[in-house]
Amino acid sequence: MKSMVREQIGVQNAVTTRRIAVSAVFAALITLMTAYIFHIPVGANGGYVHLGDALIYLAAATLPMPYACAAGAIGGGLADLLTSPVWAPATIIIKMLICLPFTSKGKKLVNRRNVIALVVAFVISGTGYFIAEGIMFGFTVSFLTSISGSVVQSGGSAIVFLIIGTALDKIGFKQNIAKDI
């Protein structure tokens, strides 16, 4: 009996370790994609448009919720600390929240819930950055810059997620590669 319990604990520890490692890789990729790859400064407020959210969506569709939220918050927060630190507190909260509508359950990354989640994530991100920018710079200024930037960023990230997710679904990513995550 004790050996079965030890074995079960060992298996659970291995799964947890794997999830933490994959979360860390996602956080690193999110940081790079957000801070340096397709990083386009917009406006005079230090904000920028990027495609890092596509990797946050991918993490949220792959990892269980707390791990996906951590990867999104850490990756987005680090990117802001490297490029525009004033945005880091808002980004950490917003990137965690945009993971919530996604599901990692199921056999595919691109499924009905995750497609709907792209729209919900856009609303969360747009609203969050509008509020953050309004608090920092005034709501009159934030209306045009925040909304237009959110449309480009969330829309571009959604398209990239759908392309990558569809490609990974075709090779059976969730069943073959990510099955033990």
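Below, all heavy atoms of this structure are taken into account, side chains as well, without hydrogens, waters or symmetry copies.
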Grouping I, L, V, M, F, W and Y whenever their side-chain heavy atoms are under 4.5 Å apart, do I164 and I177 come out in a common cluster? yes
Provide the full list of salt bridge (charged side-chain N to carboxylate O under 4.0 Å, His left out) pairs with a residue in residues 19-39, sequence neighbours left out, each pair given once. none
Can you list every salt bridge (charged side-chain N to carboxylate O under 4.0 Å, His left out) pair that touches residues 87-111, not counting sequence neighbours? D53-K95
Polar side-chain atom of N114 near backbone of L109 as donor-acceptor pair, under 3.5 Å: yes
Hey, any chance I92 and L82 share a hydrophobic cluster, counting ILVMFWY side chains that come within less than 4.5 Å of each other, even indirectly? no
Pair listing, salt bridge (charged side-chain N to carboxylate O under 4.0 Å, His left out) test, anchored in residues 158-169, at least two apart: none
Side-chain donor-acceptor pairs of residues 57-73 under 3.5 Å, sequence neighbours excluded:
from : atom 1 : to  : atom 2 : distance (Å)
T62  : OG1    : L58 : O      : 2.8

Could you check whether any side-chain N or O of R113 sits under 3.5 Å from a backbone N or O of P101, counting only pairs where one atom can act as donor and the other as acceptor? yes
Are M96 and F130 joined in one hydrophobic group, where the rule is that I, L, V, M, F, W and Y side chains link up if heavy atoms are under 4.5 Å apart? no
Tell me which donor-acceptor pairs under 3.5 Å the side chains of residues 116-127 have, and how far apart each pair is, sequence neighbours excluded?
from : atom 1 : to   : atom 2 : distance (Å)
T127 : OG1    : V123 : O      : 2.8

How close do P89 and P85 get, heavy atom to heavy atom, and via which atoms? CD-O, 3.9 Å
Minimum-distance pair of heavy atoms, taken over all atoms of Q153 and L51: O-CD2, 4.5 Å
With sequence neighbours left out, write down each residue that passes side-chain contact (heavy atoms from CB on, under 4.5 Å) with V115, or none if nothing qualifies. V110, L162
For residues 74-81, run the donor-acceptor check on the side chains, cut-off 3.5 Å, and write out each pair with its distance to 0.1 Å, sequence neighbours left out.
from : atom 1 : to  : atom 2 : distance (Å)
D80  : OD1    : Y48 : OH     : 2.3
D80  : OD2    : T91 : OG1    : 2.3

Which residue pairs pass the salt bridge (charged side-chain N to carboxylate O under 4.0 Å, His left out) test when at least one of the two sits in residues 114-129, sequence neighbours left out? none
Considering residues at least two apart in sequence or located in another chain, which fulfil the ring-ring contact (aromatic ring centres under 6.0 Å, His included) criterion with F173? none
